[in-house]
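Please read the structure below before turning to the comments.
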Protein chains: 4
Amino acid sequence: MTDHPIPVRPGRKRSEESRLAILAAAIELVGEVGYAGLTIEGIAARSGAGKQTIYRWWPSKADVLLDALATKADLHVPIPDEGSYTADLRAFLTASFRLGRDQRVADALRALMAHAQIDEEFRGRFRSSFLQRRRDALGIILDRARTRGELPPVPSPGTAADLVFGVIWYRMLATSQPVDENLIDELVTTLTEPRPAVGTSTPAARKGT
Amino acid sequence: MTDHPIPVRPGRKRSEESRLAILAAAIELVGEVGYAGLTIEGIAARSGAGKQTIYRWWPSKADVLLDALATKADLHVPIPDEGSYTADLRAFLTASFRLGRDQRVADALRALMAHAQIDEEFRGRFRSSFLQRRRDALGIILDRARTRGELPPVPSPGTAADLVFGVIWYRMLATSQPVDENLIDELVTTLTEPRPAVGTSTPAARKGT
Amino acid sequence: MTDHPIPVRPGRKRSEESRLAILAAAIELVGEVGYAGLTIEGIAARSGAGKQTIYRWWPSKADVLLDALATKADLHVPIPDEGSYTADLRAFLTASFRLGRDQRVADALRALMAHAQIDEEFRGRFRSSFLQRRRDALGIILDRARTRGELPPVPSPGTAADLVFGVIWYRMLATSQPVDENLIDELVTTLTEPRPAVGTSTPAARKGT
Amino acid sequence: MTDHPIPVRPGRKRSEESRLAILAAAIELVGEVGYAGLTIEGIAARSGAGKQTIYRWWPSKADVLLDALATKADLHVPIPDEGSYTADLRAFLTASFRLGRDQRVADALRALMAHAQIDEEFRGRFRSSFLQRRRDALGIILDRARTRGELPPVPSPGTAADLVFGVIWYRMLATSQPVDENLIDELVTTLTEPRPAVGTSTPAARKGT
DNA sequence: GGATAATCGAGACGGTACGTCAGGTCTTAGA
DNA sequence: TCTAAGACCTGACGTACCGTCTCGATTATCC
């Protein structure tokens, strides 16, 4: 997001000190005043940086926060390899849920998801630098399971990922329930249990059972 | 949201004409300039109302939009009673997906969900007047299925609802995939298939089948 | 400058309190920090008004100051009628010089003249609402003298006015000399001395002497 | 203003190329965007110089412009010696007026005079390096006339100079009238015509004539 | 019917933050 | 050690909306 492709340039170098102060101020402030109360002006004041320095490197307060989150909290989830789909999935969910249990991080993520709905350009950046990255991680687990033949025919891998991330985000955004151990069990069971392919037995056929 | 509990009062009556003009202006404007560009000032100007008239009846632009949506689009989903869990679920999903397919409505809902993340007070109103209402509708279907013994042991009814709404919202908020017929099939299959109790049969044991 | 030709308008009335507070703040601040240090932001802060309120009624800080000066200091010089050109001119100069002797007013006028050189639109307003007004006053005196036959043929009335205002402004802008009683005498003498009728001795004819 | 007192110094020599590029850019820009739109940043960009290079050698944009003007336009007026006060004065005025007739130069001079009102330090530099220099030129002419006995008793030489420069500057700053041949005639007549010393005939005594 | 009361459109008010611009300083790499 | 480049902090700009507060005009209810 803030890379300099050609590192050999004249002129003063970007101040790493300023960069870190800005990110730290953003994290602090969002905790104190909430995302709505977070302003570029406030971040500049708290960090001791000039507003222009922020505008030079980040296009919006959401980008600052996303960068801060990526720098501070470890947003990337390692791809587990436990030997079986069930175990991999369980490990992935455990790691993902741990992230969401930190209220600070959860609040910030909710805010970023919210901002992504409103700011079209940020939506792309948020997707590719956060959402898609985590989707890819789960995708690798699912691919591995498919080659091993551990994957039930329904739901399809894509839908399975949507179900997993869907339920996590829905709980964060729409309810106050935290994601807990129980949910992991239910998700693992729901997504690993073998079931017939769609269409082989129509809903109508199964109605009587 | 905008009810007057004691209708016998002196003074001029609330102008229904203004109310409708405001809601119409809100819908129009959000389509033209997006939610971020939607302002109370703009709604007032477009509708020919005074700003105070809006502030008198709605606490925020999100509330105006929610009201407008409830008035224009039919946000409430009828609770189907087709005789079986499978059929009821399918009917519910079909009705729900139809709503989300209207881009205008979907955009507005995304914006409201976003606003709910940022405005604490609106969050409560949005949950109780929209999210909870639809959750309750699905809850009735699930309850009925449970008493009929049609419900698989996993996931629990609460989690099942989270899965359903989770995947719908996740697709709206995080991906560009529309919700389609295919997803209905997968959801119905995933949530209706009878399965053994958790843990009795491991995925590994069933690998060969 | 800020008149409302149609006094019957809907909406809240302009706040006279704010207007006066703004003008007072402008006068105070220009005395404290000088014209270069005077800012709209500062005037707003000092007066307790919002910036928008200032921008609503005055197009620039120079206009605020001009208005303040016109309201506070009495910028208009009464047109004397002492019975003779000499006496009128002396009275006019005395009144004009008194204005320039107040350092506060003189500084502000210098600044406004300076601003007029840089801001094309303000130049017009400054000329018509200050410079031209005072030129007209002197013009009346000169006209009266001409009808009485008291006016020397050279310089012409227009040039006479330019000489009077020119020397005053030049001393204010380019030198540190104050305008004093002595200058009045010299100006009166230079502009009133009776000389032969026009044409009897042309400038060309006198060239050789 | 931009002198290098010790030409033998270690390090890279001052780039004459840069200096000329900066002055040229200043002249160009002030013509294109006006004095208000003229910025150090803009001059640096146009000239291909760094901002620091400008700040190193000139204290303000006005100084750059003054330097540019002195380098480009010939601001100094030669002191004529035509043998008589009348002829000298006429020659001086003709030369001075020629300068003000070049719109480019006139605009720049107006802007510098304006800047001098606002920037205290520049005021001193502008006076001594421009205003005083021209005043001295006229002073020599007047002195010569006095020793020759050609000078009328009123106005005094100092006031005469103020009248001359006052009317020129007043026309440039306050009116749109150009300085023309006619004004030369009037000024020469007004300042050469012999008249009694101030006080020998009081205004009251002359009232009846 | 006249007082009282709530509404309406309009628009000015004190504010906050925006995103931009330029100022003047400082740091880098290269000549 | 000077140069061009460019990042830095500072501070003001002019704008957009916010939510509140008069205004005068318009309905309504109640006495």
Side-chain angles (χ1 to χ4, degrees), chain A residues 4 7-15 17-19 37-45 47-57 59-61, chain B residues 4 7-15 17-19 21 37-45 47-57 59-61, chain C residues 8-15 17-19 21 37-42 44-45 47-57 59-61, chain D residues 9-15 17-18 21 37-45 47-57 59-61:
Chain A
H4 339 225
V8 260
R9 274 191 312 172
R12 188 173 175 172
K13 289 284 181 298
R14 175 173 185 183
S15 162
E17 193 182 0
S18 276
R19 185 180 162 270
L38 184 69
T39 61
I40 298 277
E41 207 130 88
I43 296 171
S47 67
K51 276 166 53 172
Q52 198 64 266
T53 301
I54 300 179
Y55 282 111
R56 197 178 352 256
W57 302 110
S60 76
K61 66 172 180 174
Chain B
H4 346 221
V8 258
R9 273 188 311 172
R12 188 173 176 173
K13 289 284 181 296
R14 175 174 184 183
S15 162
E17 193 182 0
S18 272
R19 183 179 163 272
L38 185 69
T39 63
I40 297 276
E41 208 128 89
I43 297 172
S47 67
K51 277 167 54 174
Q52 196 64 270
T53 302
I54 300 178
Y55 281 111
R56 202 181 344 260
W57 300 110
S60 77
K61 67 172 180 173
Chain C
V8 259
R9 274 192 312 169
R12 188 175 176 171
K13 292 285 181 300
R14 175 173 183 183
S15 162
E17 194 182 359
S18 275
R19 183 179 163 272
L38 185 68
T39 63
I40 298 276
E41 208 130 87
S47 67
K51 275 166 56 172
Q52 199 63 266
T53 301
I54 300 179
Y55 282 112
R56 196 175 356 252
W57 301 110
S60 76
K61 66 173 181 173
Chain D
R9 274 189 307 173
R12 189 170 172 175
K13 290 288 179 302
R14 175 172 185 187
S15 161
E17 193 182 0
S18 271
L38 184 68
T39 62
I40 297 277
E41 208 127 86
I43 297 172
S47 66
K51 277 165 55 174
Q52 197 61 266
T53 303
I54 300 177
Y55 281 113
R56 203 177 344 260
W57 301 108
S60 77
K61 66 172 180 175

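All of these numbers come straight from a predicted model, not from anything done at the bench. Chain letters run A, B, ... following the sequence lines, proteins first and then strands; every chain starts at 1.
- To the nearest angstrom, P of E:dG14 lies 15 Å from CD of C:E41.
- Between the CZ atom in B:R56 and the OG1 atom in B:T53 there is a gap of 5.0 Å [rounded to 0.5 Å].
- Every residue two or more places apart in sequence or in another chain that forms a side-chain contact (heavy atoms from CB on, under 4.5 Å) with B:S18 is listed here: B:S15.
- As a whole-Å value, the separation of D:I40 CD1 from F:dA5 P is 16 Å.
- Looking at heavy-atom distances under 4.0 Å, C:A44 makes no contact with the nucleic acid at all.
- A:K51 contributes a side-chain N or O that forms a donor-acceptor pair with the base of E:dG19 under 3.5 Å.
- Proximity of A:R19 to A:W57: side-chain heavy atoms (C-beta onward) are nowhere separated by under 4.5 Å.
- Among the atoms of the strands shown, none is found under 4.0 Å from any heavy atom of D:G42.
- Residue-to-nucleotide proximity on DNA chain E shows that, of C:G50 and D:T39, the 5′-proximal contact is made by C:G50.
- Qualifying salt bridge (Lys or Arg N to Asp or Glu O under 4.0 Å) partners for A:E41, counting only residues two or more places apart in sequence or in other chains: A:K51.
- Considering CD1 of A:I54 and OG of A:S47, their distance stands at 5.0 Å, rounded to 0.5 Å.
- Legend: residues meeting side-chain contact (heavy atoms from CB on, under 4.5 Å) with B:R12, ordered by chain and number and at least two apart, are absent.
- If you take CD1 of D:I43 and P of F:dA4, they are 14 Å apart, rounded to a whole angstrom.
- Rounded to 10°, the angle separating the first-five-pair axis and the last-five-pair axis of the helix from E:dG1-F:dC31 to E:dA31-F:dT1 equals 20°.
- To the nearest angstrom, P of F:dG6 lies 11 Å from CH2 of A:W57.
- Of the candidates F:dC8, F:dA4, E:dG9, F:dC8 carries the atom nearest the A:R56 side chain, counting heavy atoms from C-beta on.
- Across E:dG24, E:dC13, F:dC9, the shortest atom-to-atom separation from the side chain of A:T53 is found for F:dC9.
- The separation between B:K61 atom NZ and F:dA16 atom C1' is 12 Å, rounded to whole Å.
- Whole-Å rounding puts the C:Y55 OH to F:dA12 P distance at 11 Å.
- Not counting sequence neighbours, A:K61 has no partner by the salt bridge (Lys or Arg N to Asp or Glu O under 4.0 Å) test.
- For the OP1/OP2 pair of E:dA12 and a distance below 4.0 Å, the side-chain nitrogens and oxygens of C:S18 include no atom meeting the criterion.
- Between D:E17 atom CD and E:dA31 atom P the separation is 15 Å, expressed in whole Å.
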Under a 4.0 Å heavy-atom criterion, the protein footprint on nucleotides 22-28 of chain F, written with B, S and -, is BB-BBBB

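- Atom-to-atom, CD1 of B:I54 to C1' of F:dT20 comes out at 15 Å; the value is rounded to the nearest Å.
- Nearest heavy-atom pair, D:A44 versus D:G50, reported as atom, atom and distance to 0.1 Å: CB-C, 4.1 Å.
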